[in-house]
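So the structure is just underneath, and the comments pick up after that.
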Amino acid sequence: MFIDDLPTPALIIDAGALEANLATMAQAWPGSRLRPHAKAHKCSSLARVQQRFGHTGFTCATPREISGLARAGIEADFLLANESVDPARLGAIASTGATVAVDSDETVRAAARAGISKVLVDVFVGLPRCGVEPDDAARLADLARSLHLEVRGVMGYEGHLMMLNDPAAKRERVTLAMETLRDCSEKVGGDIISAGGTGTWREHLDTGITELQAGSYALMDTSYATLGLPFHQAVHVVGTVISRAVGWAVADVGLKALGMDHGNPEVDGYDVWFCSDEHVTFAVKRDPDSHGAPTFLPGVGEHVLVTPAHVDPTMSQHERAWVHRDGLVVDEWAIDLRGW
Ligand SMILES: Cc1ncc(COP(=O)(O)O)c(C=O)c1O
């Protein structure tokens, strides 16, 4: 079967591009130095490939990602890099030996009550999301230890810096954020300093963190492509043109088949006008010749390749991914880590 034979919209993964991305990252961040983020693909089969590239731990955003990886038979050092006070969900991952991020007395107590044995203190390093104030990190670690939790160290996610496109400013601000985290690490104890993502993978090579939490690097998206990173686009959604007018065409890849929070997807070399639930409307570029872009629209029944702007929420819209090599479908992977 070829990708053109798939029922659309069909999520496809280019095995060659994926392997190149995993190899590039594993060379810079080998073994346990990289803790790949499973939320970026939500696929235990892909996680297994990441293990083959030498990585021994996974970062997860939901308890479901951890329990799903364990159910798929993956044994690893799991980190829930996110806060939870849900006793059932925390209880469900306790037997995996997962380490859980905490940033408040409530999350520490919830972890202890649910039978979790290890925590990381999540520190605020500038992104107004999770993370304890740096001044309170040591006290929180003491509280955790008083409840017989092992404190493995600290994490801090500098998500607000991922998309900075000025290399000097990025380096300076990431370095500053990590000075805060390293300072907390000394007060908190433990030997893990976990941070970063695809957008800051290079900067972190000399920030002193012990592990990088990158996820998007494996499959990539058009947002991250704007940074000129050495990772290739490995995921697309195949669509079928279902309607055509004089000035535009419509394919069956709408916002319910895509993550749209980073904007419109790209459709081959066309201009995307907008997405609705089940449609993407696109047209020939105004100045197609200068970009080498197509000068005519595809006909009804023809296929187009749609590239998502944000990989994580795109993956979670699909039940399966078709893995291909040069268009030949070689495998089918369940996107089995969806849900919470
Ligand atoms: C806690 C945490 N760590 C790391 C990442 C990095 O992910 P990515 O490599 O996809 O930017 C994210 C992304 O949102 C995150 O929430």
Side-chain angles (χ1 to χ4, degrees), residues 18 21-22 24-26 28-29 32-43 46-47 50 53 55 57-66 77-84 98-103 107 119-132 152-165 170 173-174 177-178 181 192-205 207 209-235 259 261-262 308-316 337 340:
L18 169 68
N21 294 344
L22 299 191
T24 300
M25 190 60 105
W29 292 90
S32 62
R33 293 268 292 147
L34 183 76
R35 191 185 283 278
H37 210 317
K39 83 183 173 75
H41 51 69
K42 287 189 175 279
C43 174
L46 202 158
Q50 288 174 312
F53 275 79
H55 309 302
F58 286 99
T59 310
C60 294
T62 65
R64 178 71 185 76
E65 288 165 8
I66 294 180
D77 177 7
F78 297 118
L79 167 64
L80 180 62
N82 197 5
E83 279 64 13
S84 173
T99 301
V100 169
V102 291
D103 72 352
T107 47
V119 294
L120 272 195
V121 176
D122 188 0
V123 179
F124 171 73
V125 291
L127 175 70
R129 207 176 66 178
C130 300
V132 65
R152 294 185 70 191
V154 293
M155 67 160 272
Y157 177 55
E158 75 291 3
H160 57 303
L161 305 179
M162 289 295 146
M163 297 308 294
L164 274 187
N165 220 342
K170 192 174 210 170
R173 293 186 63 186
V174 172
M178 292 305 115
L181 194 60
I192 293 180
I193 307 177
S194 191
T198 301
T200 53
W201 77 287
R202 211 191 292 273
E203 286 69 25
H204 276 298
L205 288 170
T207 60
I209 64 169
T210 63
E211 57 177 52
L212 185 81
Q213 298 183 354
S216 303
Y217 78 99
L219 296 173
M220 286 294 284
D221 54 36
T222 62
S223 293
Y224 263 139
T226 62
L227 294 183
L229 303 170
F231 306 113
H232 308 285
Q233 189 59 45
V235 70
D261 59 317
H262 289 179
H310 193 184
V311 60
D312 313 43
T314 299
M315 297 303 289
S316 65
L337 308 178
W340 292 266

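Counting starts at 1 for both ligands and their atoms, following the listed order.
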Between ligand 1 and the protein, tabulate every N or O atom pair separated by less than 3.5 Å, reporting distance only.
from, atom 1, to, atom 2, distance (Å)
ligand 1, 3 (N), Q213, OE1, 2.6
ligand 1, 9 (O), T198, N, 2.8
ligand 1, 9 (O), T198, OG1, 2.6
ligand 1, 9 (O), G215, N, 2.7
ligand 1, 9 (O), S216, N, 3.3
ligand 1, 10 (O), S216, N, 3.0
ligand 1, 10 (O), S216, OG, 2.4
ligand 1, 11 (O), Y224, OH, 2.6
ligand 1, 14 (O), K39, NZ, 2.9
ligand 1, 14 (O), Y157, OH, 3.2
ligand 1, 16 (O), R129, NH2, 2.9

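- For T62, the side chain to side chain contact (heavy atoms under 4.5 Å, CB included) partners two or more places apart in sequence, or in a different chain, are K42, R64, E65, W340.
- At a threshold of 4.5 Å between non-hydrogen side-chain atoms, the residues M163 and L227 count as touching.
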Output, in order, the C-alpha distance, side-chain angles, deciding distance and verdict of side-chain contact (heavy atoms from CB on, under 4.5 Å) for K170 and R202. CA-CA 10 Å; K170 192 174 210 170; R202 211 191 292 273; over 6 Å; no

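- H232 is linked by a ring pair (Phe, Tyr, Trp, His ring centres under 6.0 Å) to nothing, counting only residues two or more places apart in sequence or in another chain.
- Residues that satisfy the ring pair (Phe, Tyr, Trp, His ring centres under 6.0 Å) test with Y217, not counting sequence neighbours, are F231.
- Listed here is the closest heavy atom pair of A47 and F58: O-CZ, 3.3 Å.
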